[in-house]
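Structure record follows, encoded as structure tokens.
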There are 2 protein chains.
Amino acid sequence: MQENREKEDRMVYREKEYKCGIDATLAVVGGKWKASILWHLSQRTMRFSDLQRQFSGTTRKMLTQQLRELETDGLVHREVYPQVPPKVEYSLTAKGTTIIPILDQMCAWAKEYLQ
Amino acid sequence: MQENREKEDRMVYREKEYKCGIDATLAVVGGKWKASILWHLSQRTMRFSDLQRQFSGTTRKMLTQQLRELETDGLVHREVYPQVPPKVEYSLTAKGTTIIPILDQMCAWAKEYLQ
DNA sequence: CTCTTATGTTACAAAAAAGGTACTACGTAC
DNA sequence: GTACGTAGTACCTTTTTTGTAACATAAGAG
């Protein structure tokens with residue numbers, strides 16, 4: 001634990017500089033729907049319409065946008081099936097699965113400490 | 001791990017509803033400077049001017065704002081010394097220290113997976 | 001032809017977050 | 001009585017994020 005904090009340990013990711021990796025991680029999962037999307041995809045591959053159903057409070061546009069960013073960051077895989085009407089499936093990449101334990105911890109922390 | 005995900009497990013915190021605790025946690029530490037502030041305070045108590053020095057890229061106003069929110073959420077303690085010129089010290093509360101391991105993990109994750 | 005369906009995109013509007021600058025308070029030292 | 005120093009607050013602007021509504025596509029069914 002202590003070894004993470006010896007120095008400032010700033011980092012750069014996608015052209016932006018972050019003070020310590022925490023901010024970089026938050027940049028990746030901090031979008032309004034990203035954490036939930038990752039969490040749902042950790043349970044099963046879903047197609048776009050499945051996600052729309054899960055996130056009935058949002059719009060196609062937001063979902064697409066968040067998914068594209070997650071894809072860009074390499075956490076989510078997007079598989080397009082060449083059919084009409086379209087079929088697109090989203091799933092976690094190996095890298096995407098590595099962040100799930102952290103999300104689980106955040107979930108547990110909220111349950112224990114936020115009321 | 002699996003037990004966190006049996007149901008939707010939405011939660012309410014400070015009048016807002018979150019899909020699963022992850023979003024609630026992000027609401028608490030997701031501000032632009034909050035994670036860094038917590039991380040610095042986990043190392044030592046600091047007075048306002050110390051924080052200003054650490055976060056030279058921001059303004060008094062932003063710092064105050066973020067600190068107040070952290071205080072409201074019970075993660076940070078604000079101790080005012082009745083002297084002139086003023087002296088105010090910030091430190092983590094017990095609750096505040098409980099989130100540090102998660103921040104450390106985020107830091108480690110970024111180092112390992114983001115480049 | 002026209003309608004349906006799934007997965008988008010685009011242009012625009014609204015809301016939220018962050019930033020900038022100036023002003024305050026008040027004991028102390030000069 | 002004027003300037004100093006810390007820790008703010010008030011007001012306003014800019015930037016970023018989120019939301020809304022309309023349009024796009026193209027195979028297959030009728």
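Computed from heavy atoms alone, side chains included, the values below leave out hydrogens, waters and symmetry copies. Below, read A as the first sequence line, B as the second, and so on, with proteins coming before strands; counting in each chain starts at 1.
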query = Side-chain heavy atoms under 4.5 angstrom apart, residues restricted to Ile, Leu, Val, Met, Phe, Trp, Tyr: same cluster for B/Y81 and B/L41?
reply = no
Nucleotides 18-20 of chain D: which of its N/O atoms have a protein N/O under 3.5 Å away?
unit_1 : atom_1 : unit_2 : atom_2 : d
D/dT18 : OP1    : A/K32  : N      : 3.3
D/dT18 : O3'    : A/K32  : NZ     : 3.3
D/dG19 : OP1    : A/K32  : NZ     : 3.0
D/dG19 : N7     : A/K61  : NZ     : 2.7
D/dG19 : O6     : A/K61  : NZ     : 2.4

query = When the distance from NZ of A/K16 to P of C/dA18 is rounded to whole Å, what number comes out?
reply = 13 Å
query = What integer distance in Å separates A/E79:CD from C/dT7:C1'?
reply = 15 Å
request  = Counting heavy atoms from C-beta on, name the nucleotide in C/dC23, C/dG8, C/dG27 closest to the side chain of B/V84.
outcome  = C/dG27
query = Given B/D50, which of B/R53, B/R47, B/Q54 fulfils the side chain to side chain donor-acceptor pair (under 3.5 Å) condition?
reply = B/R53
key: Atom-to-atom span, CZ of A/F48 to P of C/dT7 - whole angstrom   = 7 Å
note = Picking from C/dA6, C/dG8, C/dG27, the nucleotide nearest the side-chain atoms of A/P86 would be C/dA6
key: Of all pairs that satisfy ring pair (Phe, Tyr, Trp, His ring centres under 6.0 Å), the ones with a partner from residues 95-115 of chain B, not counting sequence neighbours   = B/W109-B/Y113
query = For A/Y90 and C/dG8, is the shortest distance between a side-chain N/O and OP1 or OP2 below 4.0 Å?
reply = yes
request  = Fit a plane to each ring of B/F55 and B/W33, take the angle between them on a 0 to 90° scale, and name the class: parallel (under 30°), tilted (30 to 60°) or perpendicular (over 60°).
outcome  = perpendicular
query = Tell me: CG of B/L67 to C1' of C/dA18, nearest whole Å?
reply = 15 Å
query = Tell me: CD of A/E89 to C1' of C/dT7, nearest whole Å?
reply = 13 Å
request  = Find the distance B/Y81:OH to C/dC26:C1' and express it as a whole number of Å.
outcome  = 20 Å
query = Got a donor-acceptor contact below 3.5 angstrom from the A/K34 side chain to the A/L67 backbone?
reply = no
ask   = Rounding to a whole Å, what distance do you find between B/L51:CG and D/dT6:P?
value = 14 Å
task = Please check the phosphate of C/dA6 (OP1 and OP2 only) for any side-chain N or O of A/R60 closer than 4.0 Å.
result = no
query = Under the 3.5 angstrom rule, does the side chain of B/T93 hit a backbone N or O of B/G74 as a donor-acceptor pair?
reply = yes
request  = Output yes when B/K95 and B/D73 qualify as a salt bridge under the 4.0 Å nitrogen-oxygen rule, no when they do not.
outcome  = no
query = Of the nucleotides C/dC23, C/dT9, C/dT7, which one has an atom closest to the side chain of A/R78?
reply = C/dT7
task = Return the value, rounded to whole Å, for the distance between atom CE of B/M46 and atom P of D/dT6.
result = 15 Å
